[in-house]
Amino acid sequence: MKTLCGIALIGLAVAAAAAPRVLAQASGAPKTIAGCPAEPLAFHTCALQKAKTFNPPRLPSGRPNLQGFWRGDALTQAFSVEGVASDDPLIKDPIMPWEAAPPEVIDPADRKIPYQPWAAALGRRGVNFHKYLDPRTSCSTAGIPRLALQDASQIVQPPTDDYVLWHHDDHHAYRVIAIGDRPPVGAAIKTWHGLSRGRWDGNTLVIDTTNLNGYTWIDDSGNFYTDTAHLVERLTMVDANTIDYEVTFEDPKVYTRPWRVAWVLQRVMEPGFELIEEACVEGERSMEDIRQQGGYLYYFGESWRGR
Amino acid sequence: MRHACTSSIAAVILAFVPIAAAAQADVRRTPDGKPNLQGIWQVLNTAAWDIQDHSARLGVPAGQGVVVGGEIPYQPWALAKKQENFASRLTADPETKGYTPGVPRIMYMPYPFQIFQTPGQLNIAFEYARGIRVIHTDGTPHPRGPLNWWVGDSRGRWDGDTLVVDVVHFTGETWFDRAGNFHSEALHLVERYSLEGPDHLRYQVTIEDPKVFTRPWQMSMLFYRRKEPDVRLLDYEPFLLMKEEQAARERGKTAN
């Protein structure tokens, strides 16, 4: 199900303001981004090629300057990272119609998450989707990497180069990325966004994340990882206003092999743009109604717990 | 050679002025010359329970207040309301609903927070309730109201080595502490952040709310740097922890 969070009025105003942008792009806007095809795999392949010759803007320290406001392109959607076919029945859903979208999975070649059989029955619009309230709807967090598909975000790089802050509009979620060699945190500690360590691989920011609680979904379809997941994100500037975003998922409990998604992040160009408080928890009025009407349970990793 | 120069000046000044002021000249700085407020900080006081002097109560450590002068200048109706809040605090306190505690309360919750500083903006990320404050220091004004934000809108500027932050656009739904001290949506804060040495950050806040108080008043406290070499901001999300308990109860019922 698509998110139906009771958010503050101001959040609704922002959503309404963003809607025309999405519509404009859906109705015949150009299907290239930064000179690359917009389809995620084709974009990723082309973008990494382009990035080889692009010298990104830099901070005084010499590190690439990824700072600013970013959002995912309208072509990429959070319904399913495996894509939504144009004849999918949910596209005609009267309440929450989905939109056709190409898969964001770029590896393996069949563009499907390499689930173990038991896990495939939970994800991919399976048990999770039918039985549980989308954790994003319950004012938790969209989680990694879904946050980077959902609304705008800001990357903050203090000049001390010791941390990167990635602040998302969505439910005022933030991530703290500690740069450099740091001791890992004890595996018994689990958090919603995990604990992230970052390093620079040439001009690419590589973020390594463990200590995840596995309570978030990857998309609206209930695709998931667990508390043993290890995520590696790679952010590479393709031109001054475009970032290629790639995530590798490793979770031996769930998948038969590591797999990857990729999509584009585009710079928000509106002058004077600022992130605005979205008080999901405090404005929440409809969660219990949605749960009761749909018969949904809270997720909190219940479907995979004990595996 | 900024560092050598400031140290020698500090040594000279040290003989004539209070230690706190001298220490300000010797703080770490960001490349643009501003005091570097970055790091993971936390209070070591009992303001989260009660911002005023208070004896121990069951589950509440005794504490010396952080209100300058000790008294909060409530209007008569507001003092009655505060006492009513205190009596019903176990259910009426917005903290018990898992909401964002608002500003300034989130600053002195007994959880760490981390400051990120760039030339045009400071961000404060809180372990408690995944709170985050964006403090704009690029000279932009407050957006036009009325706006009701749980952490308000923060615009800062540097007054010498002190960061001065003006905060408006609040809700009237947050409290100052677990003892029922409260304000309205007309709350206006002026916060002053100044380093007192490398590991102590002085926090002074002037509180103005003509609907509730007869005059502005102040709180003053210290933030202490968390110095454990591997310290990281973790998470404590009260609303979600409550929902997780609810989910466990529902599972229990289904299993029976």
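Protein chains get the first letters and strands the later ones, always in sequence-line order, with residue 1 at the start of each. In what follows, every heavy atom counts, from backbone to side chain, and hydrogens, waters and symmetry copies are set aside.
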Original post:
Charged N to carboxylate O under 4.0 angstrom, A:E274 versus B:R155?
Top reply: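 Salt bridge between A:E274 and B:R155, a charged N being under 4.0 Å from a carboxylate O: yes.
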Original post:
Are A:E288 and B:K243 ion-paired here, with the side-chain N under 4.0 Å from a carboxylate O?
Top reply: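 Salt bridge present between A:E288 and B:K243.
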Heavy-atom pair count under 4.5 Å with chain A, highest-scoring of [options]:
| options | answer |
| --- | --- |
| B:G98, B:A248, B:G131 | B:G131 |
| B:T171, B:L233, B:T30 | B:L233 |
| B:Q246, B:E237, B:E173, B:K97 | B:Q246 |
| B:T100, B:D230, B:V134 | B:T100 |

Would you compute the distance between atom [atom1] of [X] and atom [atom2] of [Y] and round it to the nearest 0.5 angstrom?
| X | Y | atom1 | atom2 | answer |
| --- | --- | --- | --- | --- |
| B:Q121 | A:Q67 | CD | CD | 8.5 Å |
| A:C280 | B:F239 | SG | CZ | 7.5 Å |
| B:L234 | A:K190 | CG | NZ | 12.5 Å |

Original post:
Do B:E250 and A:R291 come close enough that some side-chain heavy atom pair is under 4.5 Å?
Top reply: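 Result yes, sub-4.5 Å side-chain heavy-atom pair found.
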**OP:** Please list, chain by chain and in numerical order, all residues satisfying salt bridge (Lys or Arg N to Asp or Glu O under 4.0 Å) with B:E244, sequence neighbours excluded.
**Re:**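 Result, salt bridge (Lys or Arg N to Asp or Glu O under 4.0 Å) vs B:E244: none returned.
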Original post:
Side chain, backbone, both or neither: which part of B:D32 has a heavy atom under 4.5 Å from chain A?
Top reply: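 Neither part.
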**OP:** Please state whether the side chain, the backbone, both or neither of B:R232 comes within less than 4.5 Å of a heavy atom of chain A.
**Re:**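 B:R232 touches chain A through side-chain heavy atoms alone.
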Which bit of [X] comes within less than 4.5 Å of chain B, counting heavy atoms only: side chain, backbone, both or neither?
| X | answer |
| --- | --- |
| A:V185 | side chain |
| A:T141 | both |
| A:Y174 | both |

Subject >> Worked check of side chain to side chain donor-acceptor pair (under 3.5 Å) between A:Q157 and B:T118 >> reply: CA-CA 7 Å; A:Q157 286 170 269; B:T118 63; over 6 Å; no
